[in-house]
Amino acid sequence: MKLFNSLTRTKEEFKPMDPNDVKMYSCGPTVYNYFHIGNARPFIVFDVLRRYMEYRGYKVKFVQNFTDIDDKVINKANEEGVTYKDIAEKYIEEYFVDAKGLGIHPATIHPKATENIDAIIEIVSTLIEKGYAYESEGDVYFRALKFKGYGKLSKQPLEDLVAGARISVGEKKEDATDFALWKAAKPGEPSWDSPWGKGRPGWHIECSAMANRYLGKTIDIHSGGVDLTFPHHENEIAQSEAANGCQFANYWLHNAFLNIDNKKMSKSLGNFFTVRDAAGVYGYEAIRFFMLSAHYRSPINYSQESLMQAKAALERLRNAENNMEFLAKNGSEDALTPAQSELLAGFDKYREKFINAMDDDINTADAIAAIFELVRDVNTALSDNGSRAFAADCLARVRELCDVLGLIEKQEEASLDSEIEEMIEKRQAARKERNFAEADRIRDELAAKGIILEDTPQGVKWHRA
Ligand code: AMP
Ligand code: ZN
């Protein structure tokens, strides 16, 4: 399996330190609002990377943090007249609601910055001891230029970094390129005790501290959106490597932007849609499908049209799956014929195609194409061969691949499906009793829910309109 490593700017064969304990860290959300579609991109694509590694037999320990203290969380709390903790807790809960809807598996560990203040203080103390950091009036800063290799991830020449750096109001640094590890408490702000007085951690240091605590000094994969490359990830590298004296992450993965009208979707630009709102219009699964329909390193544009296309493609997939499920239950009981077995063996090529695409730096766009090719062939084959055994084998093949991408797997759909099936049974019973008015009423009620019925020799089939 090859991954594009931002550190070396090349696609490299993925060689984890221990295949039974792959260590992966992804920068999680700052929890002061519902997350938007742009934020959803890293959450979804790196969930797929993790699922794919598991599919290929690796055991993965995946850590994704919550930044639950920073200026934005504090400002929101002040606006609403509540504590920072109220805001953080609320939006962590809301994160899990949307993440579940989007089919994002919970990480192995979701640590919070404020629950790791001790680990943060420890690494800051080490950096001071080693001369990489210094205290200044209750703040602590990192001497960026002292770290040999500063700029190695973002490939920025040091002269540019120096020219671009400014000291903001209130900062007490030796050099404009230095960055804050610890910030002295301002009146009325939440704060924690530290050797440098009351204060709170800077953003970059929390990831170094938590990656170290939960995964160790060197991790296999570190991921996040491309906007985090500089300064966030560059600073994480400087902090971790200066403190630990060894490589921080072997592979750095960055997703490209999700744009809207060709501009990055972001809270600060105000051009964002929350996942919650978009899911209300298109459904969570369409958002996931849309996100995976492009390679994670290509920018994608969010539009009504692209979401409607995703929804329609997903519907085709779901209808094909329903058809397979129906025949797997209601088809003939004939054993597989040699010709059918041969046909099924021929379908192996789609699994290979899928794996080749995913092995090539997680090319989900081509992986989805392989699933659709499989579905096309399955649909053709099932129109002449409706046996249970054959349909069940086809279904297992489609499910295997869809599960890696987290497509068509929602439990809510399943409970909805059983509700629909119950109504269909009631309609059948009404027809048996020649109560056609009732049977028609049920058909109309289902139609209003977008469920279309089709009477076939094997029974009633249904699909979504
Ligand atoms: P934040 O909550 O702003 O720290 O962002 C959480 C994650 O979303 C980070 O990995 C960001 O890089 C990523 N992100 C934010 N906006 C976008 C966007 N428009 N497209 C892709 N990724 C984004
Ligand atoms: Zn981070």
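The structure presented is a predicted model; accordingly, all values stated were derived computationally and were not measured. Remember, it's 1-based here, ligands and their atoms both numbered in the order they're listed. We use all heavy atoms of the structure for the numbers below, so side chains are in, but hydrogens, waters and symmetry mates are not.
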Asks: Taking everything shown except K186 itself, do over 12 heavy atoms lie less than 6.0 Å from its NZ?
Replies: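 Count not over threshold, so no.
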
Asks: Are H204 and H233 near enough that their ring centres are under 6.0 Å apart?
Replies: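 They do not qualify: ring centres at least 6.0 Å apart.
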
Asks: Would H254 count as a contact residue for ligand 1, given that I'm defining contact as a non-hydrogen atom of the residue lying under 4.0 Å from a ligand atom?
Replies: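 Heavy atoms of H254 never come under 4.0 Å of ligand 1.
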
Asks: Aromatic ring centroids of Y58 and F14 under 6.0 Å?
Replies: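 They qualify: ring centres under 6.0 Å apart.
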
Asks: Mark up the atoms of ligand 1 that fall under 4.0 Å of a heavy atom belonging to M265, in ascending order.
Replies: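 Answer for ligand 1: 16 (N), 18 (C), 19 (N).
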
Asks: Tell me, which protein residue and heavy-atom name are nearest atom 3 (O) of ligand 1, and how many Å apart are they?
Replies: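 The answer is N39 ND2, 3.9 Å.
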
Asks: Can you classify the ring geometry of H254 versus W252 as parallel (below 30°), tilted (30 to 60°) or perpendicular (above 60°)?
Replies: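 The rings of H254 and W252 lie parallel, inter-plane angle below 30°.
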
Asks: Which ligand 1 atoms are under 4.0 Å away from a heavy-atom of P42?
Replies: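 Going through ligand 1 atom by atom, the ones under 4.0 Å from P42 are 7 (C), 8 (O), 10 (O), 13 (C), 22 (N).
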
Asks: Does A256 reach ligand 1, in the sense of a heavy atom lying below 4.0 Å from it?
Replies: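 Yes, that is the case, since the closest heavy atom of the residue is under 4.0 Å from the ligand.
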
Asks: Of the backbone atoms (N, CA, C, O) and the side-chain heavy atoms from C-beta on, which set of K267 has a member under 4.0 Å from an atom of ligand 1: side chain, backbone, both, or neither?
Replies: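 For K267, no heavy atom sits under 4.0 Å from ligand 1.
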
Asks: Using a 4.0 Å heavy-atom cut-off, which part of D227 comes near ligand 1: side chain, backbone, both, or neither?
Replies: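 Contact part for D227 vs ligand 1: side chain (C-beta onward).
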
Asks: Check N259 against ligand 1 and report side chain, backbone, both or neither, counting heavy atoms closer than 4.0 Å.
Replies: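 Looking at N259 and ligand 1, no heavy atom falls under 4.0 Å.
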
Asks: What residue and atom, counting heavy atoms only, is the protein's closest point to atom 10 (O) of ligand 1, and at what distance?
Replies: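 Nearest neighbour among protein heavy atoms for atom 10 (O) of ligand 1, to 0.1 Å: G225 N, 3.0 Å.
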
Asks: Could you tell me if the ring centre of Y134 sits under 6.0 Å from that of F142?
Replies: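 No, the ring centres sit 6.0 Å or more apart.
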
Asks: Please report which non-hydrogen protein atom sits nearest to atom 22 (N) of ligand 1, along with the residue it belongs to and the distance in Å to one decimal place.
Replies: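 I find the closest protein heavy atom is G38 O, 3.1 Å.
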
Asks: Ring centroids only, cut at 6.0 angstrom: are F96 and H110 within range, meaning strictly under it?
Replies: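 Yes.
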
